[in-house]
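Below: the structure, in structure tokens.
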Amino acid sequence: MSSLQPVRGTHDLFGDDMRRHREVLNIGREVANRFGYDEIITPIFEKTEVFKRTLGDTSDVVTKEMYTFPTKGGDEITLRPENTAGVARAFMSNGLSQQLPVKFFYGGPMFRHERPQKGRQRQFHQAGVELLGVEKPQGDVEIISLGVHFLKELGVYENTTLELNTLGDQESRQAYREALIEYFSAFKDQLSEDSLSRLEKNPLRILDSKDEGDRKLVADAPVFSDYLNDLSKDFFAQVKSGLDALGISYEINPRLVRGLDYYCHTAFEFTTTALGAQGTVLAGGRYDGLIKTMGGPATPGVGWASGVERLAMLMTRQVVEPKPVVIIPMGEAAEAKAQILADELRYAAYRVELGFSGNLKKRLNRANKQNASVAIIMGDDELAANSATVRDLSSGEQELVKLDALADKLSVYR
RNA sequence: GUGGCUGUAGCUCAGUUGGUUAGAGCACCGGUUUGUGGUACCGGGGGUCGGGGGUUCAAGUCCCCUCAGCCACCCCA
């Protein structure tokens with residue numbers, strides 16, 4: 001049994017869960033398309049460098065969560081922990097800087113070696129969008145608006161809160177970072193162990209600490225707004241007024257920071273309280289430095305990624321499949337005929353279930369379980385009359401119909 | 001990675017202070033009804049009690065290890 005369990009942190013998707021999962025991706029793709037975003041699929045693995053350079057050497061994702069291994073050819077590759085780096089790499093590989101702006105939607109599996117929990121698996125799926133080549137805050141507004149449309153179409157928007165913050169530009173961020181390091185360094189003996197390591201790696205994270213002692217120190221820590229330069233302040237103001245104009249409400253969260261190095265200016269998260277500790281459902285921001293970091297032409301970018309499993313859990317509504325037409329042949333002659341009929345109906349885009357065993361009672365019973373709307377019963381009697389019995393499963397009414405008139409008869413069950 | 005809780009049939013769960021053949025509901029299969037469904041009644045299959053080791057005359061039950069899930073931290077989508 002234990003050897004037959006799936007690998008830790010992975011699981012099989014089928015049935016209801018699969019339908020909801022697919023629905024999330026379908027809606028994401030469709031909504032993104034309305035905004036003019038085309039789908040892209042990048043490889044599931046990349047050279048390790050792609051992630052190391054873009055995510056930053058200090059992020060947890062890079063330092064302890066990547067699935068990295070050597071190939072037979074001697075390359076070191078990594079299962080993608082996220083998709084922005086892959087899209088950025090594709091952007092350069094394909095010379096897309098010649099056709100800005102570039103707008104992509106993606107969806108697929110990502111891999112992180114984390115301790116599994118609900119809403120946190122080692123193989124999980126993200127749907128996301130990237131907008132490359134727009135430096136104006138209107139780009140940020142469009143991206144956030146796209147997220148709002150997506151969540152609304154899924155029916156989960158009401159259960160989320162949009163948290164918003166700015167990380168400022170390079171200059172502001174650097175200045176604030178230094179101020180924080182200076183401030184917290186004076187309290188090294190009082191900081192929690194976690195925050196002590198954050199002081200080295202990502203001091204902004206200390207602001208978000210849940211440790212009580214840390215929080216007291218944070219209360220008197222320097223505030224970011226004092227370190228934002230005019231350009232950054234103005235940028236943020238325009239993002240906010242853009243959101244206001246679209247009627248998108250948000251809460252400013254000064255402690256909202258990013259673990260990944262490439263972010264600047266706008267950072268946002270749609271969170272929910274319905275999923276426990278894994279409450280972030282869609283998050284993103286601006287990453288103007290990314291492409292250049294990778295050795296490409298300086299190209300601004302904004303985007304977000306969403307957790308497909310988390311959204312699927314939040315989406316309580318049922319995803320319904322079209323009801324099938326069930327064909328029930330009785331006897332060998334009828335079975336041969338039924339297979340041909342099923343084939344014709346399938347070419348006509350009906351969903352057809354064809355069974356081969358059991359008595360009529362069992363098979364009607366099974367038709368109910370398959371949620372069928374109509375059953376076509378074919379036995380010797382019907383065959384003799386070149387007909388089939390068409391039984392409406394909700395009303396229980398049935399009639400004998402000539403085979404060549406079947407298509408018309410069935411059209412109401414589409 | 002740290003700490004805690006849980007693990008018995010496909011699913012949800014009983015199982016007494018350790019005691020002989022481990023149960024129920026749902027689901028599944030079959031019958032009552034050899035070609036007419038959702039109900040009802042009757043019957044059946046299915047478990048090395050997550051895995052391994054130990055204590056004991058005896059372990060689903062106690063102890064140790066291990067695996068997995070969940071919760072919090074951490075991190076993040």
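Throughout, protein chains are lettered first and strands after them, A, B, ... in sequence-line order, and every chain is numbered starting at 1.
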| Which residue, A/L207, A/I206, A/L199, A/N202, forms the side chain to side chain contact (heavy atoms under 4.5 Å, CB included) with A/L180? | A/L207
| Euclidean distance for P, B/G23 against B/G15 (whole angstrom) | 15 Å
| field | Touch class at under 4.0 angstrom, heavy-atom based, for A/R363 against every strand present | value | nothing
| task | Tell me which of A/K362 and A/A372 sits closer to the 5' end of RNA chain B, going by the nucleotide each one is nearest to. | result | A/K362
| message | For a quick test of reading the model: is some side-chain N or O of A/K64 closer than 4.0 Å to OP1 or OP2 of B/C75? | response | no
| note | side chain to side chain contact (heavy atoms under 4.5 Å, CB included) with A/F270: of A/V148, A/T280, A/T161, A/L311, only one passes, and it is A/V148
| message | Base, sugar-phosphate or nothing for A/Q370? Non-hydrogen atoms, less than 4.0 Å. | response | nothing
| message | Closer than 4.0 angstrom, basic N to acidic O: yes or no for A/E30 and A/R34? | response | yes
| request: Look at all strands and tell whether A/R8 reaches a base, only sugar-phosphate, or nothing, counting heavy atoms closer than 4.0 Å. | output: sugar-phosphate
| said: Does A/G128 reach a base, just sugar-phosphate, or nothing at all? Heavy atoms under 4.0 Å. | reply: nothing
| message | When the C1' atoms of B/C49 and B/U6 are compared, how many Å lie between them, rounded to an integer? | response | 15 Å
| request: Look at all strands and tell whether A/K369 reaches a base, only sugar-phosphate, or nothing, counting heavy atoms closer than 4.0 Å. | output: sugar-phosphate
| said: Over 60° means perpendicular and under 30° means parallel, so tell me whether A/H125 and A/H21 are parallel, tilted or perpendicular. | reply: perpendicular
| query | With sugar-phosphate meaning primed atoms plus P, OP1 and OP2, does A/E65 contact a base, only sugar-phosphate, or nothing at under 4.0 Å between heavy atoms? | reply | sugar-phosphate
| message | Whole angstroms only, please: what is the CD-C1' distance between A/E397 and B/G38? | response | 17 Å
| said: Measuring to OP1 and OP2 of B/U36, would you say a side-chain N or O of A/Q398 lies under 4.0 angstrom away? | reply: no
| field | Base paired to B/C28 (Watson-Crick or G-U; both N/O distances under 3.5 angstrom) | value | B/G44
| task | For A/E114 and B/A72, give me the distance from atom CD to atom P, rounded to whole Å. | result | 14 Å
| message | What's A/R366 touching, base or sugar-phosphate or nothing? Going by heavy atoms closer than 4.0 Å. | response | nothing
| query | What's the CZ-P distance between A/R122 and B/C67, to the nearest Å? | reply | 11 Å
| task | Give, for atom CG of A/D17 and atom CG of A/D12, the distance between the pair rounded to the nearest 0.5 Å. | result | 10.5 Å
| query | Under the 3.5 Å rule, do the base of B/G35 and the side chain of A/E382 count as making a donor-acceptor pair? | reply | yes
| request: Report the residue (A/A277 or A/H113) whose heavy-atom-nearest nucleotide on RNA chain B is the more 5′ of the two. | output: A/H113
| remark: Using Watson-Crick geometry (N1-N3 plus N6-O4 or O6-N4) or G-U wobble (N1-O2, O6-N3), each under 3.5 Å, B/U34 is paired with none
| message | Taking only the C1' atom of each, what is the distance from B/C13 to B/C75 in whole angstrom? | response | 35 Å
| Within this structure, what is the CG-to-P distance between A/L275 and B/C71, rounded to whole angstrom? | 9 Å
| NA contact type, A/G147, heavy-atom cut-off 4.0 Å: base, sugar-phosphate, or nothing? | nothing
| task | Indicate whether any N or O donor in one side chain lies under 3.5 Å from an N or O acceptor in the other, for A/T78 and A/T68. | result | yes
| request: May I ask you to say what A/E269 touches in the nucleic acid, namely base, sugar-phosphate or nothing, with a heavy-atom cut-off under 4.0 Å? | output: nothing
| message | Can you measure A/K118 atom NZ to B/A72 atom C1' for me and round it to whole angstrom units? | response | 14 Å
| query | Given the P atoms of B/C63 and B/A68, what is the spacing between them in whole Å? | reply | 22 Å
| said: Once you apply a heavy-atom cut-off of 4.0 Å, does A/N371 come out as touching a base, just sugar-phosphate, or nothing? | reply: nothing
| request: Take A/N165 and A/Y250, measure what side-chain hydrogen bond (donor to acceptor under 3.5 Å, both in side chains) needs, and give me the verdict at the end. | output: CA-CA 10 Å; A/N165 192 24; A/Y250 50 85; over 6 Å; no
| Gap in Å between the two C1' atoms, one belonging to B/G31 and one to B/G69, rounded | 40 Å
| task | Determine the interatomic distance between P on B/G25 and the same-named atom on B/G44; round to the nearest Å. | result | 12 Å
| message | By the 4.0 Å heavy-atom rule, please label A/K361 as base, sugar-phosphate, or nothing. | response | base
| Strand partner of B/G69, provided both Watson-Crick or wobble distances fall under 3.5 Å | B/C5
| Presence of donor-acceptor pair under 3.5 Å, side chain of A/R391 and base of B/G35 | no
| If you check the A/T280 side chain, which of B/U2, B/C71, B/A77 turns out closest? | B/A77
| query | What nucleotide among B/C74, B/G38, B/U36 has an atom nearest to a side-chain atom of A/N368? | reply | B/G38
| query | With sugar-phosphate meaning primed atoms plus P, OP1 and OP2, does A/I377 contact a base, only sugar-phosphate, or nothing at under 4.0 Å between heavy atoms? | reply | base
| For atom P, what is the distance between B/C64 and B/G3, given to the nearest Å? | 16 Å
| Which part of the nucleic acid, if any, lies within reach of A/G119 when heavy atoms closer than 4.0 Å are counted: base, sugar-phosphate only, or nothing? | base
| field | Nucleotide B/G30, atom P - distance to CG of A/N365 in whole Å | value | 10 Å
| For B/U39, which nucleotide in any strand shown is its Watson-Crick or wobble partner with both distances under 3.5 Å? | none
| P gap between B/G51 and B/G47, integer Å | 13 Å
| said: Output the rounded distance in Å from CG (A/L360) to P (B/U36). | reply: 6 Å
| Electrostatic pair A/E353:A/R366 at N-O distance under 4.0 angstrom | no
| query | When we call it a touch if two heavy atoms are under 4.0 Å apart, what does A/A367 touch: a base, just sugar-phosphate, or nothing? | reply | nothing
| remark: From CE of A/M330 across to P of B/U34 the rounded distance in Å is 11 Å
| message | I want to check one thing: is the phosphate of B/U34, taken as OP1 and OP2, less than 4.0 Å away from some side-chain N or O of A/N359? | response | no
| task | On the 0 to 90° scale, with breaks at 30° and 60°, tag the A/F224-A/Y176 ring pair as parallel, tilted or perpendicular. | result | parallel
| query | For the side chain of A/R120 and the base of B/C74, is some donor closer than 3.5 Å to an acceptor across the two? | reply | yes
